[in-house]
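Letters A, B, ... mirror the listed sequences (proteins, then strands); counts begin at 1.
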Amino acid sequence: MRLPIRAVTPETGSAEIIGWVHEIRDLGGLSFFLVRDRTGIIQVTIPKKKVPAEILEVARNVSRESVIRVRGSVKAIDKAPGGREIIPDELEIINLADSPLPLDVVEKVPAELDTRLDSRFLDARKPRVRAIFFIRSAVTCAATEFLASRGCINITTPKIVAAATEGGTELFPIAYFEKEAFLNQSPQLYKQMMMAAGFEAVFEIGPIFRAEEHNTVRHLNEATSLDIEVSFADHNDVMELLEDLIVHIYGSVAKNCADDLAEIGVDLAIPQKPFPRIPYVEAIEIANRSIEEKISFGDDLTPAAERAIGDTIGGHYFVVDWPTDIRPYYAMPYPDRPEFCKAFDLMHPRMELASGAQRIHVHDLLVERIRAKGLSPESFEFYLKTFRYGMPPHAGWGLGIERLVMTMLDLPNIREAVLFPRDRHRLTP
RNA sequence: GCCCAGGUAGUGUAGUGGCCUAUCAUGACGGCCUGUCACGCCGUCGACACGGAUUCGAAUUCCGUCCUGGGCGCCA
């Protein structure tokens, strides 16, 4: 019976482990193997005069990162990692690794990100990299639990679509039999349609595709979005839900991923709610106090502006009350001052994490806004139809999972938060 | 797409016209070593992105191509 390496303690007696050869140190009469699985690392010690010749022969031939099986007696030893080591009775090479390795898993010599991504499976054997993705898993699990506990229904919407969700973003065209189709940039329209279906509260964690030729440390052409939509809620209600979710996710990671956080060297501070709500007009004033290129009313916030505001606030915050003209057509304008709308962005001091709004649920107003954006209501008929037969008022948001993980763990590049990132130039592996 | 910086053994680097059949580390291979934990020591192996130009001479200068990183733009 194979034991996870973490489960092998000085008291274990005898154990069988299977894992990857992390390091080999041959001292002559004594050699040490460090064997790693996803739970940890253990030392296998081979005193050459005391073990059978077959074991010596196997040990002589093994290469780093080979998969081996070791069965033997566990000894308590202060000098070894974890205070224990295995003296093998059996040693088997399950799969011999080629040599040299494309990159150094032990990281005596660091590899550049591009090299690492070319051999991501090996890169992900590094405890530090593995820890990022175990935390990412904890993040999405915590989000799912939390949203389910708030009555949200977990849905899956199509990623192959016939029309753009909104203007602006470029779409990836694909061949769909005899028709033109695209990869969806957002589940926006579909989650709204589920409000018309009477589901009242839905969420989805899924891929979104953007064909923008951006080349930055915070953009991906394939990203993961956590989207929600809630009926009979306004923008304030879903902002509260969002900050509750962020606090819950941080708390859950802090509680359940202490070892992984330590592996990455992150001392996780849990954000305190409520997050400040900064009206757009104030936000540009704050930014303009310290940045060179001033923001004018009606401009989106530049990265420099976001950083300037982030430095001033020092934590997560919302930018609210955006000019209607720079938000998507489905954002609900304030009735008394329609030049502003009930849209918001959730910001981390480093960058934008989420954006949302109370949506327009009134058919004719929506048509008017689509026209005002220079889009054609005809191409949105499948969507507009759902507004004619009892669409409840609703609000929602979309949150970038990679950005959440990136900012939580202070990763320098968003690609660090994706197993196999898709960017302007990378399509493999 | 624009701007800037780059491309040297498997990995990461040094190298601003001749001291370069290229530095150091790591690695691989061989040897010595019974408590290593970045083990140590000895030996060996392995690289100038591609094409062109300048020059007596180019890793080094220039031009082009391809590729990479960062900033900006676009965007979330």
For B/U23 and B/U60, measure between their C1' atoms and round to the nearest Å.
15 Å

Checking N1-N3 plus N6-O4 or O6-N4 for Watson-Crick, or N1-O2 and O6-N3 for wobble, each under 3.5 Å, the partner of B/C41 is B/G31

Can you check the distance between B/C41 and B/C33, where both ends of the measurement are the C1' atom (answer in whole Å)?
9 Å

A/Asn61 CG - B/A28 P separation (whole Å):
14 Å

Base partner of B/C24, which must satisfy Watson-Crick or wobble distances under 3.5 Å
B/G12

Contact class for A/Asp300 (heavy atom, under 4.0 Å): base, sugar-phosphate, or nothing?
nothing

By the Watson-Crick or G-U definition, both distances under 3.5 Å, B/G6 is matched with B/C67

Heavy atoms under 4.0 Å, any strand shown: does A/Pro102 hit a base, just sugar-phosphate, or nothing?
sugar-phosphate

When we call it a touch if two heavy atoms are under 4.0 Å apart, what does A/Leu113 touch: a base, just sugar-phosphate, or nothing?
nothing

Classify A/Asp423 by what it touches in the nucleic acid, base, sugar-phosphate, or nothing, heavy-atom distance under 4.0 Å.
nothing

A/Asn215 CG to B/C4 P: how many Å, rounded?
15 Å

Sugar-phosphate, base or nothing in reach of A/Val106, heavy atoms under 4.0 Å:
nothing

May I ask you to verify whether the side chain of A/Gln43 and the base of B/U36 hold a donor-acceptor pair under 3.5 Å?
yes

Counting the atoms with a prime plus P, OP1 and OP2 as sugar-phosphate, which does A/Ile77 contact under 4.0 Å by heavy atoms, base, sugar-phosphate, or nothing?
base

Ignoring hydrogens and angles, does a donor from either the side chain of A/His214 or the base of B/C74 sit under 3.5 Å from an acceptor on the other?
no

Verify, without hydrogens or angle tests, whether A/His348 (side chain) and A/Arg350 (backbone) share a donor-acceptor contact under 3.5 angstrom.
yes

By the 4.0 Å heavy-atom rule, please label A/Glu23 as base, sugar-phosphate, or nothing.
sugar-phosphate

Give one of base, sugar-phosphate or nothing for A/Thr115, where a contact means two heavy atoms less than 4.0 Å apart.
sugar-phosphate

A/Lys48 near the nucleic acid: base, sugar-phosphate alone, or nothing, with a heavy-atom cut-off under 4.0 Å?
nothing

Using Watson-Crick geometry (N1-N3 plus N6-O4 or O6-N4) or G-U wobble (N1-O2, O6-N3), each under 3.5 Å, B/A58 is paired with none

Atom-to-atom span, CZ of A/Arg424 to C1' of B/G73 - whole angstrom
14 Å

Using whole Å, report how far CG of A/Leu122 lies from P of B/G10.
16 Å

Is the backbone N or O of A/His394 less than 3.5 Å from a side-chain atom of A/Ser231, with the two atoms forming a donor-acceptor pair by type?
no

Is A/Ala223 touching bases, backbone alone, or none of the nucleic acid, heavy atoms closer than 4.0 Å?
base

Show the numbers, then the answer: is there a side-chain contact (heavy atoms from CB on, under 4.5 Å) between A/Glu263 and A/Lys126?
CA-CA 10 Å; A/Glu263 184 68 54; A/Lys126 296 173 188 166; over 6 Å; no

Is any N or O donor-acceptor pair between the side chain of A/His219 and the base of B/C74 shorter than 3.5 Å?
yes

Write down the distance between CD (A/Glu212) and P (B/C75), rounded to a whole number of angstrom.
6 Å

How is A/Glu402 classified with respect to the nucleic acid when contacts are heavy atoms under 4.0 Å: base, sugar-phosphate, or nothing?
nothing

Is the distance between the ring centroids of A/Phe172 and A/Phe209 less than 6.0 Å?
no

Between B/A28 (P) and A/Asp104 (CG): distance, integer Å
9 Å

Taking the six-membered ring of A/Phe134, is NZ or CZ of A/Arg130 closer than 6.0 Å to its centre and within 45° of its axis?
yes

Identify whether any heavy atom of A/Thr302 sits under 4.0 Å from a base atom; if not, whether one sits that close to sugar-phosphate; answer base, sugar-phosphate or nothing.
sugar-phosphate

Which base sits across from B/C75 as a Watson-Crick or G-U pair, both distances under 3.5 Å?
none

Reckon A/Thr216 has a side-chain N or O less than 4.0 Å from the OP1 or OP2 of B/C75?
no

Base, sugar-phosphate, or nothing: which does A/Asp26 touch, judged by heavy atoms less than 4.0 Å apart?
base

Taking atom C1' of B/U68 as reference, at what distance in whole Å does atom CD of A/Glu112 sit?
8 Å

Intermediate values then yes/no, ring pair (Phe, Tyr, Trp, His ring centres under 6.0 Å), A/Phe146 and A/Tyr250:
CA-CA 12 Å; A/Phe146 176 85; A/Tyr250 269 74; over 10 Å; no

Mind running side-chain contact (heavy atoms from CB on, under 4.5 Å) on A/Arg64 and A/Val106 for me, showing each step along the way?
CA-CA 10 Å; A/Arg64 290 165 76 210; A/Val106 178; 3.8 Å; yes

A/Arg218 CZ to B/G69 P, straight-line distance once rounded to whole Å:
15 Å

Think A/Asn413 has a side-chain N or O under 4.0 angstrom from the OP1 or OP2 of B/G69?
no

Counting the atoms with a prime plus P, OP1 and OP2 as sugar-phosphate, which does A/Arg60 contact under 4.0 Å by heavy atoms, base, sugar-phosphate, or nothing?
nothing

Any side-chain N or O of A/Lys108 under 4.0 Å from OP1/OP2 of B/G27?
yes

Of A/Ala111 and A/Ser99, whose nearest nucleotide on RNA chain B comes first from the 5' end?
A/Ala111

Might you point out which heavy atoms bring A/Thr157 and A/Ile155 nearest each other, and give the distance in Å?
CG2-CD1, 3.8 Å

